[in-house]
Structure formats: structure tokens, C-alpha cells
Asker: 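Here it is, the structure in full.
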Protein chains: 2
Amino acid sequence: MRSSLKDVAARAGVSVRTVSNVVNGSASVSEKTRARVQQALDELGYRPNLAARSLRAGRTGLIGLVIPEIHSPYFGELAGLLVEAAQRRSWTVIIDQTHGRADEERRLLKGTHAPIVDGLIISPWALDASELSEQAGPTPMVLLGERDPRRVADHVAVDNVLAADEATRHLLETGRRRIAAIGPQPELRNGTAEQRLAGYRRALHRAGLTPDPALEVPVPTLHRTAGARAMEELLDRGGPAPDAVFAFSDELALGIMRTARDRGVRVPEDLAVVGFDDIEDGRFSNPSLTTVSPDKAQIAERALQCLADRIYSPGGTVPPQRITVPHRLVVRESSRPAGNGSRSAAS
Amino acid sequence: MRSSLKDVAARAGVSVRTVSNVVNGSASVSEKTRARVQQALDELGYRPNLAARSLRAGRTGLIGLVIPEIHSPYFGELAGLLVEAAQRRSWTVIIDQTHGRADEERRLLKGTHAPIVDGLIISPWALDASELSEQAGPTPMVLLGERDPRRVADHVAVDNVLAADEATRHLLETGRRRIAAIGPQPELRNGTAEQRLAGYRRALHRAGLTPDPALEVPVPTLHRTAGARAMEELLDRGGPAPDAVFAFSDELALGIMRTARDRGVRVPEDLAVVGFDDIEDGRFSNPSLTTVSPDKAQIAERALQCLADRIYSPGGTVPPQRITVPHRLVVRESSRPAGNGSRSAAS
DNA sequence: GTGAAAGCGCTAACAT
DNA sequence: ATGTTAGCGCTTTCAC
């Protein structure tokens, strides 16, 4: 059995109050008693009971993170950064996966962990902002990658329209003209895909081109297989082939490159490819992948900052924050102008 | 403020005892009171306070998962599976990262979360079995991918020697003779790399070949960059080039293929490559990667089973379990015999 | 079938 | 500077 404050107090011949003070440094204790208590503490290997502490404090020190999938490269990386940012604030993270399903998102918001966490960070997929806010109780919440037009909660995201615009412009600048957009997700409610599509179209318009609906290929998920399949579809359709693709995620892009290879389409010579997320695989893929790189560390940091603000100022009436984090376009082999086959190592 | 049992009891005009019974179905309650209580429960949107429950029960319902990195493809996938297996048992998982550092492993075992979790699943990297058992307190613990010669705790792993043997034999069967092993980690204490090396050597011996120390290349980590660098080293050394590589992880293998490509070495024609872990990237890489595929779902399931056994039978004297989960060799493009350039989709 | 009350381990208000 | 104690919300023993 683990020893409690009472045990330590008995051993040191003092009251629990004093032991508590020593443990927390909350009041002044004479040097002599402190030493005696400390010794008892060590001898008994005292560890505070977190449940009791939480019960008293009304806080658990736990933060819920709700994402589609832990093992997705993008969310995995983000989760790792969030865990570390949380650690710096003495918080512990609980990760839940929704697999992009609306019912799971609902369940996780209301049910399973809602009562136990002090705050929630959620990357919504199937639910839109208004439903999110209905589902969530009074628990402070931060939305990731969600535009949230109604401003129901804090949210942290890159400027998806701008980023997609830049990616598309980059392809235009390397001389591409029939640029496909693979990644719209009509069934998705979180708005991200829409914004990327808007940015893509904006860039085309600016270049005097008219977006061709046949080049906008929707996908059911952002996984590699979905990208591979969408690319097959695009190639099988007949009509003039695209000379570039802007994929709404790196995973899609990797699937697209896989299909290109299977069909004898050379990347980047016949087809330039740009992705989104800057996952590690893209740095080592063949060819390496040009991509939009969001500042993930900053996403993690800012999200936790938002949560901290709300948790520590309970009655606060701070309006929902809308935070935009920086991104940059990382140009690699998959979009290099033909004939410029650089062999540099991954960057 | 969230409502408590007491609030509900007051509203329903019964005692807390009765409300508790309704919530937990723990004793028989008359149909009439049950209905009244249920109504009060709904009206107040009652949610049990987990901290209080834990304090009473002496359990938190939390399981700690200690892995090198969440965003590693292998551990990410495993973590996802563990989270789901835990969910099925009404447990919640807390994930911590060690980055493969000994001090972090120690800290996480003793310190931060040890007092709060009911059990610990750890994939040790820098600590060996005996130190692990010293560090951990009385908390039930399961080791992943660790041979644990001293049998200090339950552990779940594939048969690494056998798996490495099979991978090497596969390369021998496709006619390769100078097979390199990239992945030994002398600084690692968990034994995994050693076992894979042993299996590799055993296969060579069986084929009548003598392992060439120059073909065994140690690495500092199992990441892609480490693989890329090790391959560069191997090629720069001069001497006869290898015609195959057995990499101790898929990530290493992907890095190796990257270097091969940069150096104009064709895979699989000039160099066959086999990895370990069966991560998703390997299915979509170019060429797709032959690999040893551990049954990850079963690893997760069995690990939780071990924990459940110990947590629910506290005084139990069950000796530490040693569980071996199945694996299989998945042959893809990177090791196809030269001249058999199948273009089939990823499998 | 239901109520009263003790107690899990901790913190903090109140006392000395 | 330190002791005493109420009470956080819950489960459960004991009593009726």
C-alpha cells in the first residue's frame, strides 16, 4: 500500500498540515521540522495521490486531444508536439481517435472523457463548428484547423486559402497549366478542404485561367490509398492529362505519385506534385515531395496557450480567439522544372 | 458548476445512496424511484466525477504508455491500436515519449505519471530489463519488444531472431550473397537489435556463408536519416558493394533506398532491400518495401490482457508472462528478383 | 428498497 | 510555526 500524508505525519511526529506544507512549500516551516518531515517523506517513498488532489482542486490536470488518427503522420507529429507542450505546463494529454466519424466526435465530446479533462483540443472532421459547440459542455475547447465562422471557440490554424494559393502559384510559375486539385471532401464539415480549394481557384483566376471542374477530384479520406485511387480515376477519364497536381495532403500526394509510377507517368517531368502538411515521408519519398509546411510546433504551443488562458481565468469573458500560425512552401524534387533533376539530399 | 449526486438526490427527493444505485445499477431499485431519479439525472445532465470515483476505488482507470516517439510510424500505429484496445476495457491511455533517452525512461517510470496510472506499458529503449524493474514501483508493467532474460515483468514481442532469419533467408533465396545488416545499436540496452543481428547471422551460416563484419553497420537511431547515412557510409567504404540489405526497421530501409537512389544504385536490380515493422509508408514507397510484418493488433491486445490480469487480481502471484506474437514476411518490389519488375498495386 | 454516515487523501480555513 | 478539522464527490457498510 502506498503511504499517505497521514502516514508520513505519524512517522515524523507532526500533523498532516505540516507535511502538506513541506510537500507543496505552501507555508513557512521551521528548518528543523522540514528536515524531519523530508526524511520521513523519503523513507516512506511518499507520492501524492493525484485523485485526491484533483478532487480537492476541482481540476484533473488532464487535457483531451481528439484527432482523426494517431498513426497518421501529420496528426502523430502534432500529437507528439502537443504532449510535450503540455508537459511543460504540467499537464497530461489523453489522446482519442475519431477516425473521422461524426458519431465518434460526438461521443468523445460529450461522453467518455469530457467529465475528466480540464480542457479539450479537437481537430474536427465530420462536425461543423456549431454542432461542436452544442456538444461540448462548459469544458474549455480549442479547435485545430477549423475556420469556425461562428466563432464558438478558440481556434488555431494556418491560412489555408493563402497556402493553397501559394502552392498553386508555384506550379504555375514552373510552367504548368493543367493543374488538378485532388482532395476536396464534400462530406467533410470542417471547412479545411473548401478553403484549400478556394485558394487553388484563386491562384488559377489570377493567372487568367478558368478552373476546370474535371480537374477537381474529390476524395473520401486524406489517406494514400484515396490519393492513388483519385489519380487513377483522373487518368482513366480520358481527355487531356494534367501536368500538375495540388494534393490537399502529403499522404494523398504520396498515393498520387504511386499511381503515377504504376502508370508510367514521370514525376516531375510529366507531372509536378505539391502536397500539404510536410510530413517526414515526403522528405524521403522518391521523388521527394514539395509541400506546404505548417508550423506545427507553433500550432501546439498556441493551442495550449489558449487552453491555459481559459482554465486559469475561469470566469473570464475573453471572446473566442482566432489564431493564424505561419506556414511556408518547401520546394523539393516533385515539382522541380523538368530538366533540372537535382540530386541533392533531402532537405 | 456541474451537479453532483447530492444535487440529483435533492431534486429527486431521495438519498444519494439511491441515486448512486441507479447510476451504477448496483442494487435493486423500485421501478418508480428509478424513473424519478433518472429524470433528475437527465434534467441536471449529471456526469460522475472521475476524481472522486478514483479516490474511492483506489484506481484511476488510466494506463500509461511509454514509447520512444508518438510520431514514429511504427509506434504511432501501435499507440492507436493500444488506445482502442484500452477503450474496449474502459481504460484511458496516457502517452509519453522518451525519445529513446535513458533519463526520460527513468523519469517516466518513477516520476511523472507513475502515481496516477493503474498500469504501464513500456517499449524500453535505453534501459535494460533489470534497471526497468528497479525503477518501476509496484505498478503492473508490460514490456514491449524486449526479451527480458531475467523475467522481471510480462513482455510481448515477436520472435526477432526467427523473423530476422526469415528475412535474410528470403534475400538468399533470391540469389543475393553480399547481404548487409543495417541497424545494430550497440548503445541500445533493450536487446532487440542484438536479436535481429543474431537471426541475420544464423541465416548466413545456414547458407554456408561467413558474416562479414564490414557489412554490419551500426546506427544511432532507427530513423530514416540514420539509414540514409549508414548506407552512404557503406558505399563510401570501397570494397565490393553489397547486393542486398536487411534493415532493422522500415524507416531505416526507406532512408537506405533514398541514398541508393541518390547514388544511382537501382533497387531491387542492384540492391535488394528488406525492412522490419510493415509501416504504411513502405506500402506506398517507390519501390514498395519488402518487410517483416509483426501482428501489431495482437501485440496491443495481448499487452492489455496482461495488464488486466494483474490489475484485477492484485494479490496474484502469476509469474511474468512471455508472450510471442506472430509475424510474417511481406514480399514487395524492393526485393523482387531482378528482371521481374511487376507493377502491381501496393499490397 | 432506501436512508444515514463513514471514509478514500488531500488542501485550506480556522485555531492556537 | 504548527495542530485540528471540514469537505471535495463518490461508494458502501450498517441499519431500518
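Letters A, B, ... mirror the listed sequences (proteins, then strands); counts begin at 1.
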Asker: In whole Å, what is the span from the CG atom of B/Asn49 to the C1' atom of D/dG9?
Answerer: 5 Å

Asker: Can you sort out the partners of B/Ser72 under side-chain contact (heavy atoms from CB on, under 4.5 Å), two or more places apart, ordered by chain and number?
Answerer: B/Glu69, B/Tyr74, B/Phe75, B/Glu251

Asker: Could you work out, with side-chain contact (heavy atoms from CB on, under 4.5 Å) as the rule, every residue matching B/Ser20, not counting sequence neighbours?
Answerer: B/Leu5, B/Asn24

Asker: Could you tell me the separation between the CZ atom of A/Arg53 and the C1' atom of C/dG9, rounded to a whole number of Å?
Answerer: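 After rounding, the reported distance stands at 10 Å.
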
Asker: Rounded to whole Å, how long is the line connecting atom NZ of B/Lys6 with atom P of D/dC10?
Answerer: 11 Å

Asker: Side chain to side chain donor-acceptor pair (under 3.5 Å) with A/Arg59: which residues, sequence neighbours excluded?
Answerer: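 Expected list: none.
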
Asker: For B/Arg11, enumerate each residue passing the salt bridge (Lys or Arg N to Asp or Glu O under 4.0 Å) test, keeping only those at least two apart in sequence or located in another chain.
Answerer: B/Glu43

Asker: Send over the distance from A/Lys32 NZ to D/dA1 C1', rounded to a whole Å.
Answerer: 13 Å

Asker: If the condition is salt bridge (Lys or Arg N to Asp or Glu O under 4.0 Å), which residues does B/Asp42 pass it with, not counting sequence neighbours?
Answerer: none

Asker: Give the angle between the helix axes at the two ends of the helix from C/dG1-D/dC16 to C/dT16-D/dA1, taking five base pairs at each end and rounding to 10°.
Answerer: 40°

Asker: Rounded to whole Å, please give me the gap between CD1 in A/Ile116 and P in D/dC10.
Answerer: 14 Å

Asker: Taking only side-chain nitrogens and oxygens of A/Thr18, does any of them come within less than 4.0 Å of OP1 or OP2 of D/dG3?
Answerer: yes

Asker: A/Ser20 side chain N/O closer than 4.0 Å to the phosphate oxygens (OP1, OP2) of C/dC10?
Answerer: no

Asker: Return the set of residues passing salt bridge (Lys or Arg N to Asp or Glu O under 4.0 Å) with B/Glu301 (not counting sequence neighbours), or none when no residue passes.
Answerer: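 B/Glu301 satisfies salt bridge (Lys or Arg N to Asp or Glu O under 4.0 Å) with B/Arg88, B/Arg89 once adjacent residues are dropped.
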
Asker: Once salt bridge (charged side-chain N to carboxylate O under 4.0 Å, His left out) is applied, what residue pairs with a partner in residues 16-34 of chain B remain, sequence neighbours excluded?
Answerer: none

Asker: Taking only residues two or more places apart in sequence or in another chain, which ones pass side chain to side chain donor-acceptor pair (under 3.5 Å) with B/Thr192?
Answerer: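 Side chain to side chain donor-acceptor pair (under 3.5 Å) check on B/Thr192 returns B/Asn190.
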
Asker: Counting only heavy atoms and a strict 4.0 angstrom limit, can you tell me which residues of residues 22-31 of chain B come near DNA chain C?
Answerer: B/Ser28, B/Val29, B/Ser30

Asker: Check nucleotides 13-16 of chain D for protein N or O atoms closer than 3.5 Å to its own N or O atoms and list the pairs.
Answerer:
from, atom 1, to, atom 2, distance (Å)
D/dT13, O4, B/Arg17, NH1, 3.1
D/dC14, N4, B/Arg17, NH1, 3.4

Asker: Check side-chain contact (heavy atoms from CB on, under 4.5 Å) between A/Thr221 and all other residues, then give those that pass, not counting sequence neighbours.
Answerer: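 Listed in chain order: A/His223, A/Ala226.
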
Asker: The side chain of A/Leu55 lies closest to which of these nucleotides: D/dC8, D/dC10, C/dT11?
Answerer: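 Of D/dC8, D/dC10, C/dT11, D/dC8 is nearest to the side chain of A/Leu55.
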
